[in-house]
Amino acid sequence: MIKFLKAAPVVFLIGTMVTAILYQKTLLGIWLTTAITFGTTAYHFIMRWVVAFIYNSIMHNRADYRKRWYQVSKSEMKLYEKLRVKKWKNRMPTYNPSLFDPRQHTWEEIAQVTCQAELGHETIVVLSFAPIVAGHWLGGYPAFIITSILAAMFDMMFVIMQRYNRQRILKLIK
């Protein structure tokens with residue numbers, strides 16, 4: 001997973017440059033759309049690295065899981081049950097699985113990690129819509145909007161997963 005996350009931004013940046021050059025040479029709209037898609041995807045990968053770096057630098061996986069922001073209501077848990085989070089959460093990629101390993105960390109430490117991960121993914125959801133502004137200069141609003149919505153939906157899955165897991169971890173702590 002780490003190798004993929006390090007290689008992907010480079011691949012998408014190269015793809016952006018190649019397709020932008022092809023657009024300049026041919027003026028075919030498909031190349032502009034492809035360049036926008038590659039560029040937006042590169043942005044999403046790079047932005048994730050920056051967000052993770054900032055939260056790790058500030059919080060060091062030491063969030064206070066007792067704060068109101070991190071609390072999960074009964075109705076929210078019912079929603080997660082309807083979304084069948086328990087069935088799909090284990091299929092989601094994890095950047096560093098050791099942070100969530102109870103053999104290496106206490107349940108309190110893991111709860112703190114879930115809080116930081118949640119905040120990171122929530123920030124990413126918001127920042128996922130920033131590329132839409134580039135549509136003003138480049139056109140291609142549909143490509144910007146579609147990639148932004150898909151990226152936000154992807155990260156919302158991680159927010160949901162962290163909140164769902166944290167509620168279960170808090171039961172273990174008690």
- Note on the structure: Residue pairs passing the side chain to side chain donor-acceptor pair (under 3.5 Å) test with at least one member in residues 38-48, sequence neighbours excluded, are Arg48-Asp155
With [X], which residues qualify under side-chain contact (heavy atoms from CB on, under 4.5 Å), at least two apart?
X      : answer
Ile149 : Phe129, Ile145, Met153
Glu122 : Trp69, Glu118, Leu119, Val159
Ala42  : Phe12, Leu13
Ser57  : Phe53

- Which salt bridge (charged side-chain N to carboxylate O under 4.0 Å, His left out) pairs, counting each pair once, include a residue from residues 69-79, with sequence neighbours left out? Glu76-Arg163
- Item | Sequence neighbours excluded, every pair satisfying salt bridge (charged side-chain N to carboxylate O under 4.0 Å, His left out) that has a member inside residues 11-33 | none
Heavy-atom side-chain contact between [X] and [Y] under 4.5 Å:
X      : Y      : answer
Phe100 : Asn165 : no
Ile173 : Glu108 : yes
Tyr65  : Leu170 : yes
Ile160 : Lys89  : no

Roughly how far, to the nearest 0.5 Å, is [atom2] of [Y] from [atom1] of [X]?
X      : Y      : atom1 : atom2 : answer
Lys174 : Ile169 : NZ    : CD1   : 13.5 Å
Thr114 : Gln167 : OG1   : CD    : 10.5 Å
Lys67  : Cys115 : NZ    : SG    : 9.5 Å
Leu22  : Leu32  : CG    : CG    : 12.0 Å
Ile54  : Ile58  : CD1   : CD1   : 6.5 Å

- Looking only at non-hydrogen atoms, find the nearest pair between Thr34 and Thr19 and report the distance. CG2-CG2, 3.6 Å
- Query: What closest approach, in Å, do Pro9 and Ile46 show between heavy atoms, and which atom pair accounts for it?
  - Reply: CB-CG1, 3.9 Å
- Applying side-chain hydrogen bond (donor to acceptor under 3.5 Å, both in side chains) to Thr123 and not counting sequence neighbours gives Tyr55
- Task: Return the set of residues passing side-chain hydrogen bond (donor to acceptor under 3.5 Å, both in side chains) with Asp101 (not counting sequence neighbours), or none when no residue passes.
- Result: Arg103, Gln104
- Message: Using side chain to side chain contact (heavy atoms under 4.5 Å, CB included), reason through Asn61 and Glu109 one step at a time and then give a plain yes or no.
- Response: CA-CA 8 Å; Asn61 287 319; Glu109 290 171 331; over 6 Å; no
Consider only side-chain heavy atoms of I, L, V, M, F, W and Y, link residues closer than 4.5 Å, and tell whether [X] and [Y] are in one cluster.
X      : Y      : result
Phe45  : Tyr95  : yes
Ile36  : Met47  : no
Met161 : Val51  : no
Leu150 : Leu127 : no
Val11  : Trp49  : no

- Message: Please enumerate all residues that pass salt bridge (charged side-chain N to carboxylate O under 4.0 Å, His left out) together with Arg84, with sequence neighbours excluded.
- Response: none
- Item | Pair Trp31 and Phe38, ring centroids less than 6.0 Å apart | no
- Task: Give the other cluster members for Val126, using side-chain heavy-atom distances under 4.5 Å between Ile, Leu, Val, Met, Phe, Trp and Tyr residues; answer none if it is isolated.
- Result: none
- Message: Donor-acceptor pair, distance only, cut-off 3.5 Å: does the side chain of Gln112 make one with the backbone of Asp64?
- Response: no
- Query: Any donor and acceptor pair, going by atom type alone, linking the side chain of Ser128 with main-chain N or O of Ser148 inside 3.5 Å?
  - Reply: no
- Task: Can you tell me which residue pairs pass the ring pair (Phe, Tyr, Trp, His ring centres under 6.0 Å) test with a partner in residues 130-174, sequence neighbours excluded?
- Result: His121-Phe158, Phe154-Phe158
